Amino acid sequence: FGDPASNLGLEDIIRKALMGNLEERQD
Amino acid sequence: RRRHLVCPMNTSPHVDPQKSGHEVWEEFSHSFTPAVREVVEFAKKIPGFRDLSQPDQVSLLKAGTFEVLVVRFASLFDMKDRTVTFLGGKKYSVDTLRAMGASDLLNSMVDFSEKLTNLGLSEEEMSLFTAVVLVSADRSGIENVNSVEALQETLIRALRSLITKNHPNESAIFTKLLLKLPDLRSLNNMHSEQLLAFKVH
């Protein structure tokens, strides 16, 4: 329980939202 | 035992007692995910943010999303009526939420929102201030501190210039805004403690 942001799934949401943009860039 | 979710990022503080803890958590996550995505989209538009390393972009967002949301959703807290509007659109009084188990964090957030709103910032000023909140070189896990620091300084200079231009007779506004940064940190810490407690229970 050391990382509230990870517990919340926040990191996953952030990574996916950032990655979406990377994919657009590659296109 | 009755449970409540007093975070306004929910549609309502009332929790269906039939639902399991996991279902409640899923629903909560469903409510705040769009807001978090908006924060990421906002970050992408900050000039220079996408030039930072991807791990540093993630670290800044992980550490600062709550603070950005506090600034963006300050209008949910009505200090005149002492009410909080939840994402479902319904208002609840601070006293009601306190009775549901809300901690001192709620009062602190109402106080913060009041002080921020009283500064009467324009949308552009608020947006630049939000960028300054997000790009902080002293967040944990930052790998390239110099790059983040350089961007942070550029943003702070831009904010000072904008505030000085728009409020030539109110030089204290910029100082007051910078003093909001430690206030936000403090709210963020209190919120993290709440999240830990919530998850444990």
Side-chain angles (χ1 to χ4, degrees), chain A, chain B residues 5 7 9-10 21-22 24-46 49-69 105 134 139-141 187-201:
Chain A
F1 299 111
D3 185 352
S6 296
N7 283 340
L8 208 59
L10 197 62
E11 185 166 347
D12 193 41
I13 301 166
I14 289 166
R15 280 187 190 283
K16 280 181 184 157
L18 282 172
M19 290 286 280
N21 190 271
L22 283 180
E23 281 159 17
E24 280 166 29
R25 273 183 168 184
Q26 282 162 8
D27 293 341
Chain B
L5 287 174
C7 169
M9 290 283 103
N10 288 291
H22 181 72
V24 171
W25 185 254
E26 286 284 305
E27 204 170 277
F28 179 28
S29 167
H30 198 69
S31 298
F32 68 69
T33 296
V36 174
R37 286 202 191 111
E38 274 177 32
V39 175
V40 177
E41 292 309 314
F42 169 79
K44 286 177 182 173
K45 290 184 193 134
I46 299 172
F49 185 83
R50 296 298 270 161
D51 299 328
L52 300 173
S53 74
Q54 209 184 345
D56 283 350
Q57 291 178 39
V58 173
S59 295
L60 289 176
L61 283 160
K62 252 178 80 177
T65 290
F66 169 77
E67 294 175 29
V68 171
L69 289 175
L105 173 62
L134 189 62
R139 300 289 193 190
S140 67
L187 291 174
N188 200 353
N189 290 335
M190 288 168 86
H191 183 250
S192 292
E193 284 167 22
Q194 300 276 298
L195 277 179
L196 288 177
F198 178 73
K199 190 72 175 165
V200 170
H201 293 311

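Here is the naming used below: chain letters follow the sequence lines, and residue numbers restart at 1 for every chain. The structure presented is a predicted model; accordingly, all values stated were derived computationally and were not measured.
With A/Leu10 as reference, B/Thr65 is the one residue of B/Leu61, B/Thr65, B/Leu195, B/Thr33 to meet the side-chain contact (heavy atoms from CB on, under 4.5 Å) rule.
Listed for the B/Lys62 side chain is no donor-acceptor partner under 3.5 Å among the backbone atoms of A/Ile14.
Minimum heavy-atom separation, A/Leu18 to B/Gln54: CB-NE2, 4.2 Å.
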